[in-house]
Amino acid sequence: MKPNLGKLFALSASAALLASLAACGGDNDDDTPDTPPQAGVPAGSTLDVAILGTTDLHANVLGYDYYKLAEDKSYGVDRTATLIANARKQNANTLLFDNGDTIQGTALSDYQALVKPVQCSDMLAIYKQMKLLAYDAATLGNHEFNYGLPFLSQITDTNFGLAGIGKGTAQTNPAGAKDCAAPGFPFVSANVVSAASKQPIFKPWVLLNKTFKATDPNGKQIEVALKVGVIGFASPPILQWDKANLEGHVEVAGWKESAQRYVPEMRAAGADLVVALAHGGIDMLSAYSPAMENGAGYLSQVPGIDALITGHQHLLFPDTNAKSQFAGQPGIDLEKGLINGVPTVQAGQWGNNLGQITLKLAYDKGWQVQKDATRVQRISTRLTAQNGATPATYVEPDAAAQQLVQAEHAATIAYVKTPIGQSRFDMATYYALAGDVSALQIVNMAQIDYLTDYIAKNKPSYAALPILSAAAPFKGGRNGPGDFTYVKQGNIAINNAADLYLYPNTLQVVRVSGDIVRQWLEKTAEQFKQIDPGQVAPQDLVDTGFPTFNFDVLYAAGNALRYEIDVTRPKGTRITQLTYQGAPLDPAAQFLVVTNNYRASGGGDFPGLAGGKGDIVLQAPDASRDVLISYIRKHPDLDLATYGLDRSWRFARVGVLAGPVVFSSVPGTLAMAAAHGVDNVTVHDATPDPVTQLSRYAVDLSR
């Protein structure tokens, strides 16, 4: 049955722009105007330019959750397309950029990359939409590298000049003799460089020649030429996160160092305006490091950058919310959207917001940005606020953007409905941070089963080493009630397994000491804030700045590993009662830990693994999700007692609590916590938060 995606409307303004893209042939991207601009620009002329930006689209071509097989009106490029069309109607001069993490993130993207890989002659669904919407340029995020360099070379039709790297399914040679379908706009990335040549594998920057409408000193509208320089950056830890795909092929230079090299080149080439597309977050509290994950904000310290588009964190900037993660950071104007005076935007994720930086330029022997007239805003797909009684309303989807990807959408739905087993209990991460392991235990069991079988067949010398497994709640509510894992009891299909294991990681195994096991757990315990038992006012349990995908729950077969987390203690001292097979864990003992390529390669900077320095003893060819799917097929009838209640960790009991300790989760789900053995949670405030739409729950640490 075909899902209802909402009423289809007449072809929007975005469709009319289909033919406006021109392929980028060099550092100068020539957009030939219909009418040539005036030869001279009168001094005192003014020009308004609206810079539109998307980030972290993660292949959400439609507002549709393939894990739940349900429409979600709050996000999707089909609705972002409407925001783009509206912005173009309201602004005579616009530029449209994408900030990366574009091609990966949904079952549809995995289907096009891994299940039925898109061929050289075809284009990714999201790139088809971006071509329709006439993007001017884009950069690469960390997730662009998840599917490997050959695939990325193919879909962007880019010759990386790397030995042995052809264009994916096209099977072309490294010289790139055969052209593949690509969306037509230029990709820029200044800091991802060839390990051999030390030169960027994509163009570091491009110069767009635009013809815009300006106003002369007499109020007359004139056409003028504007050279727009666009430079891109990826987050340096991609070398850790995708080590298997990148090691030996590419290196990553620092944020500021790359900008300081190339921005003067752009200005020397005649750039009137420089826009930086930085796929990294804003962290002005940490000292600058060339290798830092969220160094995008430090680009504001490089002279010559006029506008900055950030991402990666899935957050909103500017943001008037006093609880914003960016509040109080040095150099930041949270309301105006400025970092050290540079207009900056971060537009959420999945297309739920469109960033817009509106600049006013004045001409006097060249175009000059009038900083006092700058405006930075985010435009949400949501039209109205949502409270407990009134459902939110959202912009209507763009009909052309929807229709363009219907074939890929239907094929993905058919794929994810493939049945693999059944569960007799609900699996959810609603209360994973309170101790519920219903959605994690099956992952840990599958990983242990895989390694046990592998050792028996291939590495009997490892048979004496005890096995631990790490699984984390990938979806922990960061983006609202829909951003939790929830697999309802009944038949389990591929889409459910994809919900349980969200990312297309590969399975890897590291050898660690018992001391590293303890430090590993101490790192995960940073998920929680330090609680003062004597405080009467409510205290937040969860540090929302710590991503839940770094909250590894370690598990051993038969629940042989057990530990407690004392949240009243400072970070680094919280793990207590750590035992293995009933005895205190020996710091010198050796363990094999089954995890994924992200963690084993240093993702999250875990002790013993940071910087990719862990002792990796197995880099499996199998995707972690496929390991889970195979395990469920081997054990197709899952019951709660066997597969959902082996809880390896608990909070250490606190004698007396003066006030409540609270956290957020989905409204009306408390019964699930009790059913899964978490019996010390109560409702603190059932009213959904107007921003997160989550209710507040209290955990009794004395029980």
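Here the structure is a predicted model, which is why all the values come from computation and not from measurement. Residues take their numbers from the sequence shown, with the count starting at 1.
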Sequence-distant partners of [X], side-chain contact (heavy atoms from CB on, under 4.5 Å), two or more places apart:
X: Q489; value: D426
X: K523; value: E526, F606, P607
X: N496; value: V487, I492, A493
X: L433; value: P473, Q527, F528, V542, T548, F551

Only counting residues at least two apart or in another chain, list the ones meeting side chain to side chain donor-acceptor pair (under 3.5 Å) with [X].
X: E144; answer: none
X: Q447; answer: S469
X: D679; answer: none

Exercise for the section: If a pair satisfies side chain to side chain donor-acceptor pair (under 3.5 Å) and one of its residues is in residues 531-545, list it, with sequence neighbours excluded. Expected result: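 Output for this query lists D540-R696.
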Exercise for the section: For Y415, check ring pair (Phe, Tyr, Trp, His ring centres under 6.0 Å) against everything at least two apart and list the hits. Expected result: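 Partners of Y415 under the ring pair (Phe, Tyr, Trp, His ring centres under 6.0 Å) test: Y111.
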Practice task
Just jot down the ring pair (Phe, Tyr, Trp, His ring centres under 6.0 Å) partners of Y631, sequence neighbours excluded, or say none.
Solution key: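 Result, ring pair (Phe, Tyr, Trp, His ring centres under 6.0 Å) vs Y631: H635.
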What donor-acceptor contacts under 3.5 angstrom involve side-chain atoms of residues 54-63, with partners at least two apart or in another chain?
unit_1 : atom_1 : unit_2 : atom_2 : d
T54    : OG1    : D98    : OD1    : 2.7
T54    : OG1    : Y135   : OH     : 2.9
T55    : OG1    : N99    : ND2    : 3.3
D56    : OD1    : H314   : NE2    : 3.3
D56    : OD2    : H312   : N      : 2.8
H58    : ND1    : Q104   : O      : 2.8
H58    : NE2    : D101   : OD2    : 3.4
H58    : NE2    : H314   : NE2    : 3.2
N60    : ND2    : L57    : O      : 3.0
N60    : ND2    : H58    : O      : 3.3

Handout entry: Contacts of D552 that satisfy salt bridge (charged side-chain N to carboxylate O under 4.0 Å, His left out) - sequence neighbours left out
Key =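 Salt bridge (charged side-chain N to carboxylate O under 4.0 Å, His left out) check on D552 returns R599.
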